Number of protein chains: 2
Amino acid sequence: MGIPERKEREKEQRREEIINAAQKVFFEKGLQAATMDEIAEAAELSKGTLYLYYKSKEDLYLAVMMRGIEILHNMFAEATSSQEPTVVQLMKLGDAYYEFFKQHRNYFRMFYFFQHPQFHKGVSEDMMMNCGEENQKVWKEVIGVIQRGIDEGVVRAELNPVETAVILWSSSNAIMTRMDTQMEYFKERMGVDLEEVLRKSNTLMLESILTEKAKRKHQALLMRSWPVAKVAVN
Amino acid sequence: MGIPERKEREKEQRREEIINAAQKVFFEKGLQAATMDEIAEAAELSKGTLYLYYKSKEDLYLAVMMRGIEILHNMFAEATSSQEPTVVQLMKLGDAYYEFFKQHRNYFRMFYFFQHPQFHKGVSEDMMMNCGEENQKVWKEVIGVIQRGIDEGVVRAELNPVETAVILWSSSNAIMTRMDTQMEYFKERMGVDLEEVLRKSNTLMLESILTEKAKRKHQALLMRSWPVAKVAVN
DNA sequence: TTTAATTAATGACTGATGGTCATTTATTAC
DNA sequence: GTAATAAATGACCATCAGTCATTAATTAAA
């Protein structure tokens, strides 16, 4: 009897189709402005049907977001699986996050939007758990490289790898979040190009966690952020 | 004829009373969950009256937020006006921001919540401008100290003071935001105490922008973040 | 094939809420 | 004391997340 299996497949397909529709609408309008009626329309289903497949608007939002987490996870896994030195991989991790920001900004936006507990109301336990798991995998990638750096003696031994991961991630994240929302404000009011700031911040952070030996070895790499003229003048 | 003046005063007072009521409700429930009816009730006015004084819920939210910006501004001004060395003042700035976070968390929450352009919809030009101005003042404090540090030769000369301000601010901000929303998650899932992370992050950041000379001079200060045992062992 | 039973889908409806505006109330001017 | 003006009100509207009784489609049984 293959009927239950087929039904299960069809159900899963429906769930995917609904996510596709939801993604389209959420990307365009954001969680707030998107309406379930719009999503239903995009999915060519009635609103009631959406609720047969997802508990709430927020659950649906998280379902879309999970795709983004997976993409990011893959990009990080890619960056940390090369044969290059750990210091280079650390730089590549930062670059990868910025690439993700540029190529998948809608997902990035969802990430930081959903951090607010205000929107966790309608989220089911299940979905929250799944999301936490996926998220954890991404962290593991970052922590792993830092731990390796410590083991190899290129990252300062007195640093805690998890804490350090949080520090690196947070600083990158904070600046990209600003890039997303306040790029123009910072350019016009403060004369600052946030892309430049991100580059310099990543370099500063990296410098600050490396051992003296590693810094000397990769000096050329670290210098890329500082304008030659300025260094020369001072 | 003092009547117009008195009326103006009364009007201003009303505006303040409304902000008081709004603050109470926003602090309790956040922008989303707070309702204009609640605020009206708290202000002992009808909802319609609120709209005679403020254009939208968001405008009211910003009016409350401005108070927070002023408090933060004062705390920063305090931290940077002492007679202490610039390096110490830089540390104090970081400490002041964390103090603000602890003592005025509701305001802090409002700040980062409102960064999302999704909520800028109902905001009037006026209110947005005012907010931008106030915000600018806070940035000026941070930038000023960094500039002074460069002039005195304690902050690396190749750094741009505005960019550096953004970097320092953003990293502190990012970690405190996480403290507000994910303290438990990080403790339980990753075994990390974000307060510790903040302390270390601030130290790392400070280290990374100081000149070698300044680092040597204030070594004791910078060491406070690293556990003695660990440093000794390695 | 026909009928019963089960599963899937629907959309009218509810309750909540931001914002409006015609009407009422209070204040000021004459 | 009355007209004119300003302030305040709350019933009302439109929007929208979520529900549920009803309908349609599919599967199982006779």
Side-chain angles (χ1 to χ4, degrees), chain A residues 1-19 21-22 25-26 28-64 113-114 118-124 127, chain B residues 1-19 21-22 25-26 28-64 113-114 118-124 127:
Chain A
M1 195 77 76
I3 288 177
E5 287 78 3
R6 197 202 71 213
K7 281 213 157 189
E8 194 48 53
R9 264 203 325 276
E10 281 175 359
K11 219 164 172 177
E12 193 45 50
Q13 204 173 325
R14 259 287 137 84
R15 283 179 69 87
E16 283 299 314
E17 283 166 16
I18 291 175
I19 299 185
V25 179
F26 283 136
E28 258 173 43
K29 313 216 171 179
L31 175 59
Q32 290 298 298
T35 73
M36 288 302 267
D37 282 304
E38 277 177 301
I39 295 172
E41 167 129 22
E44 294 174 307
L45 288 169
S46 73
K47 182 161 63 163
T49 305
L50 297 188
Y51 284 95
L52 294 178
Y53 289 87
Y54 293 94
K55 273 220 183 74
S56 66
K57 193 182 174 185
E58 284 75 21
D59 254 31
L60 203 35
Y61 193 81
L62 275 194
V64 175
F113 190 81
F114 207 75
Q118 297 228 271
F119 304 112
H120 295 190
K121 211 165 79 163
V123 179
S124 65
M127 198 53 95
Chain B
M1 197 74 77
I3 287 177
E5 286 79 1
R6 197 203 70 214
K7 283 213 154 189
E8 195 46 54
R9 261 200 331 273
E10 282 175 357
K11 219 165 171 175
E12 193 45 49
Q13 204 174 324
R14 258 289 134 85
R15 285 179 68 88
E16 284 298 316
E17 283 166 15
I18 292 174
I19 299 185
V25 178
F26 283 137
E28 257 173 45
K29 314 218 171 177
L31 175 58
Q32 290 298 298
T35 74
M36 288 302 268
D37 282 305
E38 277 177 302
I39 295 172
E41 168 129 21
E44 293 175 306
L45 287 170
S46 73
K47 181 161 65 164
T49 304
L50 297 188
Y51 284 94
L52 294 177
Y53 289 86
Y54 293 93
K55 274 219 182 75
S56 65
K57 193 183 175 184
E58 284 75 21
D59 254 31
L60 202 37
Y61 193 80
L62 274 193
V64 175
F113 190 82
F114 208 76
Q118 294 224 245
F119 304 111
H120 296 189
K121 211 163 81 160
V123 180
S124 65
M127 198 55 93

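By convention in this document, chain letters (A, B, ...) are assigned in the order of the sequence lines, proteins followed by strands, and residues within each chain are numbered from 1. In this text, all values refer to a predicted model and were calculated from it rather than measured experimentally.
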* Asked: So which one's nearest nucleotide on DNA chain C is more toward 5', B:E10 or B:K47?
  -> B:K47
* Can you figure out which of C:dA8, D:dT9, C:dT20 approaches the side chain of B:Y51 most closely? => C:dT20
* To do: Return the value, rounded to whole Å, for the distance between atom NZ of B:K55 and atom P of C:dT20.
  => 11 Å
* Looking only at side-chain N and O atoms, does B:T35 come under 4.0 Å of OP1 or OP2 in C:dT17? -> no
* Asked: Is the phosphate of D:dA7, meaning OP1 or OP2, less than 4.0 Å from a side-chain N or O of B:Y53?
  -> no
* Selected nucleotide, minimal atom distance to A:M36 side chain, candidates D:dA17, D:dT9, C:dA9 -> D:dA17
* Asked: Nearest-Å distance, CG (B:L31) to C1' (C:dG18)?
  -> 11 Å
* Asked: Please give, in whole Å, the distance from C:dA16 P to B:E38 CD?
  -> 12 Å
* Hey, is the side chain of B:S46 poking within less than 4.0 Å of OP1 or OP2 on D:dT9, counting only N and O atoms? -> yes
* Where each residue is assigned the nucleotide of DNA chain D containing its nearest heavy atom, which of B:G48 and A:G122 is assigned the position nearer the 5′ end? -> B:G48
* To do: Verify the neighbour count for atom CD of B:E41: are there more than 12 heavy atoms of other residues, nucleotides or ligands below 6.0 Å?
  => no
* Structure fact -> A:K11 has its side chain closest, among C:dG18, D:dA8, C:dA8, to C:dA8
* Would you mind reading off the distance between A:L52 atom CG and D:dA25 atom C1', rounded to a whole angstrom? => 14 Å
* Which word best sums up how the rings of A:H120 and A:F114 line up, parallel for under 30°, tilted for 30 to 60°, or perpendicular for over 60°? -> parallel
* Given the rule in the salt bridge (charged side-chain N to carboxylate O under 4.0 Å, His left out) test, do A:R14 and A:E17 qualify, once you have shown the distances and angles that lead to the verdict? -> CA-CA 5 Å; A:R14 259 287 137 84; A:E17 283 166 16; 3.5 Å; yes
* Is a donor-acceptor pair below 3.5 Å formed from side chain A:K57 to base D:dG18, judging by atom type as modelled? -> no
* Separation of A:K121 atom NZ from D:dA17 atom C1', in whole Å? -> 10 Å
* Length of the CG-P vector between A:D37 and D:dT19, whole Å -> 14 Å
* To do: Indicate whether OP1 or OP2 belonging to C:dA8 is found under 4.0 Å from a side-chain N or O atom of A:R14.
  => no
* Examine distances only and state if a side-chain atom of A:Q118 and a backbone atom of B:K29 form a donor-acceptor pair shorter than 3.5 Å. => yes
* Asked: How many angstroms lie between NZ in A:K47 and CD1 in A:I39, if you round to the nearest 0.5 Å?
  -> 10.5 Å
* Structure fact -> Atom CD of A:E17 and atom P of C:dA8 are separated, to the nearest Å, by 15 Å
* So what does A:A33 touch, heavy atoms closer than 4.0 Å: a base, only the sugar-phosphate, or nothing? -> nothing
* Asked: Can you tell which of D:dA8, C:dA9, D:dG18 lies closest to the side chain of A:E58?
  -> D:dG18
* Asked: B:Y54 side chain to B:R15 main-chain N or O, any donor-acceptor pair under 3.5 Å?
  -> yes
* Rounding to a whole Å, what distance do you find between B:E12:CD and D:dA7:C1'? -> 16 Å
* Which part of the nucleic acid does A:A43 contact within heavy-atom distance under 4.0 Å: base, sugar-phosphate only, or nothing? -> nothing
